[in-house]
Amino acid sequence: MRNRVTMSPMTTWSGSDDFQITEEEEAYYRLRVKGVGLVITGCAQVTANGIGFTHEFSAADDSFVPSLKCLADAARSGGAPAILQLFHAGNKALPHLIPGGDVVSSSAVLTAATPFQAPLTPRALSADEVEELVAAFGAAARRGIEAGFDGIEIHGAHGFLLQNFLSPATNLRTDAWGGSLEHRMRFPLAVVAEVKRVIAEHADRPFALGVRLSPEEPGEHGYRIDQTLTFIDRLLELGVDYLHASLANLLGDRPIDDPDGQTIVRRIVERVAGRVPVIAAGGILTPADASEALDAGLSLVAIGRGLIINPDWVSRLQQGQPLEFEIDPAQVGALAIPPKLWGIIEGFKGWIPVRQQAGA
């Protein structure tokens with residue numbers, strides 16, 4: 001890799017109505033991948049009932065391989081390796097976009113409302129369905145290999161299906177897939193093992209396998225950092241190639257039960273102890289932020305919103321040019337921001353600052 005800056009995986013809400021990559025999304029990637037050291041795509045669902053966002057792109061069957069190839073070509077066009085992120089939205093799936101509105105999860109636990117859906121109670125997966133989902137992740141990984149990516153990242157964060165199983169708040173199962181932490185880890189570990197098996201069988205080139213994690217979960221019954229560190233040990237035993245921590249504030253987030261202790265990032269870095277690279281994302285906007293994150297022991301730092309605003313974030317840093325910290329609406333076209341993503345930016349005030357026009 002040419003540097004330690006990663007393009008953070010971000011949904012752009014810009015796929016077609018039938019979950020294919022669009023020209024607008026291709027252009028979005030091509031403009032932003034020229035300077036970074038690594039590209040991680042937004043998430044692709046592994047089954048038809050795993051959709052978590054409107055207009056996302058799919059890896060749910062072989063018909064999507066040509067679409068994924070378009071994405072791989074765009075993501076790799078800047079010369080950096082590109083990782084395809086795979087997920088199942090679990091209890092955050094969108095009922096109006098999945099067959100029969102059948103939202104599934106580890107257990108039938110009422111979910112909280114999100115900006116994208118009302119509260120609902122998902123259906124608990126049967127044991128056979130859990131096995132089928134493990135296989136579905138493997139099949140989607142094979143499609144990523146065929147499409148030309150350089151690796152797979154399994155999305156185990158943000159309250160999606162892998163986290164549904166890992167969490168004592170959402171996994172109330174009494175079979176082999178629930179109960180103790182050891183049992184709750186079984187599904188995400190089975191997914192990792194299956195994807196690793198598929199990579200060994202199908203990849204004809206160096207091919208990476210990473211896992212994205214939310215290190216802690218809010219709420220009285222949510223999991224905490226010590227459970228995540230145990231999970232990390234198991235992931236490393238399975239032979240993952242890197243870990244990716246997703247945080248609200250990479251530089252400042254501390255464990256819920258130890259608010260005055262070490263930051264979460266330092267806890268993770270110390271536990272990994274150099275066994276694999278560690279990436280983290282969470283509010284990094286400036287070069288100073290990125291340097292501080294790397295000084296905390298990270299191998300790579302993921303930049304998300306900064307690259308939306310500054311597609312040339314890396315070259316600006318290299319040339320000593322100032323960064324922008326808000327989007328000029330007049331520059332949306334030049335920034336290759338897809339119309340659907342721009343609609344989200346305008347609708348979620350404060351997520352990405354928008355420059356106010358004179359007289360507005």
Side-chain angles (χ1 to χ4, degrees), residues 43 45-52 59-60 85-93 95 98-112 120-141 152-199 209-240 243 246:
C43 49
Q45 72 263 23
V46 301
T47 61
N49 67 352
I51 301 164
Q85 188 184 75
L86 299 176
F87 90 134
H88 185 294
N91 65 17
K92 288 188 173 182
I98 62 179
D102 184 27
V103 177
V104 298
S105 183
S106 52
S107 300
V109 176
L110 179 67
T111 66
L120 58 79
T121 300
R123 177 178 64 82
L125 289 158
S126 70
D128 287 345
E129 288 175 315
V130 175
E131 297 279 5
E132 290 167 1
L133 277 165
V134 171
F137 272 92
I152 295 293
E153 179 170 287
I154 299 169
H155 199 335
H158 299 178
F160 297 137
L161 186 63
L162 269 68
Q163 186 174 328
N164 294 168
F165 273 85
L166 192 62
S167 169
T170 50
N171 186 345
L172 308 182
R173 301 176 73 98
T174 57
D175 63 3
W177 303 102
S180 66
L181 175 60
E182 192 69 23
H183 285 191
R184 297 196 312 274
M185 291 191 295
R186 278 183 173 168
F187 173 69
L189 291 174
V191 167
V192 171
E194 173 63 6
V195 171
K196 186 173 177 62
R197 183 194 69 78
V198 167
I199 291 170
L209 172 58
V211 177
R212 195 176 206 203
L213 303 168
S214 291
E216 291 202 313
E217 187 178 54
E220 181 182 355
H221 301 294
Y223 64 83
R224 299 293 187 257
I225 185 63
D226 287 342
Q227 293 169 292
T228 294
L229 296 178
T230 298
F231 183 45
I232 284 172
D233 285 339
R234 295 296 304 277
L235 290 171
L236 295 181
E237 290 168 9
L238 275 178
V240 299
L243 296 169
S246 181

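It should be emphasised that the depicted structure is a prediction, and the values quoted were computed from it without experimental measurement.
Separating the CG atom in L235 from the OG1 atom in T230 is a distance of 11.0 Å, to the nearest 0.5 Å. In this structure, the separation between CD1 on I51 and CD on Q45 is 4.5 Å, given to the nearest 0.5 Å. Atoms CG and OH, from N171 and Y223 in turn, are 12.5 Å apart once rounded to the nearest 0.5 Å. Rounding to the nearest 0.5 angstrom, the gap separating the NZ atom in K92 from the CG atom in L120 is 11.5 Å. Interatomic distance, CG of L181 versus CG of L166, reported as 6.5 Å (0.5 Å rounding). Separation of atoms CG (L238) and NZ (K196) is listed at 8.0 Å; rounding is to 0.5 Å.
Listed for the T121 side chain is no donor-acceptor partner under 3.5 Å among the backbone atoms of A108. The main-chain N or O of A135 is never found under 3.5 Å from a side-chain atom of E194 such that the two would form a donor-acceptor pair. Here the side chain of E153 pairs no donor or acceptor atom with the backbone of G210 at under 3.5 angstrom. Looking only at distances, no side-chain donor or acceptor of S107 sits under 3.5 Å from a matching main-chain atom of V109. Between the side chain of R184 and the backbone N or O of W177 there is no donor-acceptor pair closer than 3.5 Å.
Evaluation of the salt bridge (Lys or Arg N to Asp or Glu O under 4.0 Å) rule for R186 yields no partner, not counting sequence neighbours.
Counted by atom type alone, H183 and D175 present zero donor-acceptor pairs between their side chains at under 3.5 Å. A donor and an acceptor atom, one from each side chain of T111 and N91, are nowhere located under 3.5 Å apart. In this model, a donor atom of one side chain and an acceptor atom of the other lie less than 3.5 Å apart for N49 and T47.
A pairwise comparison of heavy atoms in S246 and P215 identifies O-CD, 3.4 Å as the closest pair. Residues P99 and A48 approach most closely at CD-O, 3.6 Å, considering heavy atoms. In plain terms, the two heavy atoms of A140 and V46 that are nearest each other are CB-CG1, 3.6 Å. The heavy-atom pair separating A59 from L86 by the smallest distance is CB-CD2, 4.0 Å. Looking at every heavy atom in both residues, A93 comes nearest to P95 through O-CD, 3.3 Å.
For the pair P188/F165, a side-chain contact is recorded, criterion being any heavy-atom separation below 4.5 Å from C-beta on. Annotation: side chain of E217 is not in contact with side chain of Q227 (no heavy-atom distance under 4.5 Å). Proximity of F187 to L161: side-chain heavy atoms (C-beta onward) are separated by under 4.5 Å at one or more points. In this structure, the side chains of L189 and F231 come closer than 4.5 Å at one or more pairs of heavy atoms. With a 4.5 Å cut-off on side-chain heavy atoms, V130 and R173 count as touching. Using a 4.5 Å cut-off on side-chain heavy atoms (C-beta onward), I154 and L209 make contact.
Using a 30° and 60° split on the angle between ring planes, F87 and H155 fall in the tilted class, from 30° to 60°.
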message: Show, in sequence, the C-alpha distance, side-chain angles and deciding distance for H88 and V104, and conclude whether the side-chain contact (heavy atoms from CB on, under 4.5 Å) test is met.
response: CA-CA 10 Å; H88 185 294; V104 298; 3.9 Å; yes

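Just one residue in the list V192, I152, L162, V195 forms a side-chain contact (heavy atoms from CB on, under 4.5 Å) with V211, and that residue is V192.
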